[in-house]
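So the structure is just underneath, and the comments pick up after that.
Positions are given from 1 along the sequence.
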Amino acid sequence: MMRETPRTFVGSVVLLLEGPVCPHVAAEVRAEIGRLAGVSHCHVDTGAGTVVVTAEAPVDRTDIVGVLDRLGCRVRA
């Protein structure tokens, strides 16, 4: 999925995580990604292990992956 996502995007992108996310970490992910410039919305599905990020201005996906890595969430390649 990540290989299909342009490095910089506008619109929505779905990131698949290597496993489910607990509600506490999901809240941190939403807050941290939501603070990135250009991001208008972030949704985490804890059971499915997905993160949907919507951007109204260009966002670099490496910034999103950096937040996820810092919070202990690994993105599937």
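- Separation of atoms CD1 (Ile64) and SG (Cys73) is listed at 13.0 Å; rounding is to 0.5 Å.
- For the atom pair Asp63 CG and Leu68 CG, the distance stands at 11.0 Å (nearest 0.5 Å).
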Show me the donor-acceptor pairs, under 3.5 Å and distance only, between side chains in residues 49-59 and residues at least two apart or in other chains.
from, atom 1, to, atom 2, distance (Å)
Thr54, OG1, Ser12, OG, 2.8

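- In terms of the side chain to side chain contact (heavy atoms under 4.5 Å, CB included) criterion, residue partners of Glu18 (sequence neighbours excluded) are, by chain and number, Arg74, Arg76.
- The salt bridge (Lys or Arg N to Asp or Glu O under 4.0 Å) pairs that include a residue from residues 33-44 are Glu32-Arg35, where partners are two or more places apart or lie in different chains.
- Listed by first and then second residue, the salt bridge (Lys or Arg N to Asp or Glu O under 4.0 Å) pairs involving residues 38-50 amount to none (not counting sequence neighbours).
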Sequence neighbours excluded and cut-off under 3.5 Å, please list the side-chain donor-acceptor pairs for residues 19-28, or say none.
from, atom 1, to, atom 2, distance (Å)
His24, NE2, Glu28, OE2, 2.7

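- For Thr62, the side chain to side chain donor-acceptor pair (under 3.5 Å) criterion is met by Asp60, not counting sequence neighbours.
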**OP:** Could you walk me through whether Val29 and Val67 pass the side chain to side chain contact (heavy atoms under 4.5 Å, CB included) test, one step at a time?
**Re:** CA-CA 7 Å; Val29 167; Val67 168; 5.6 Å; no

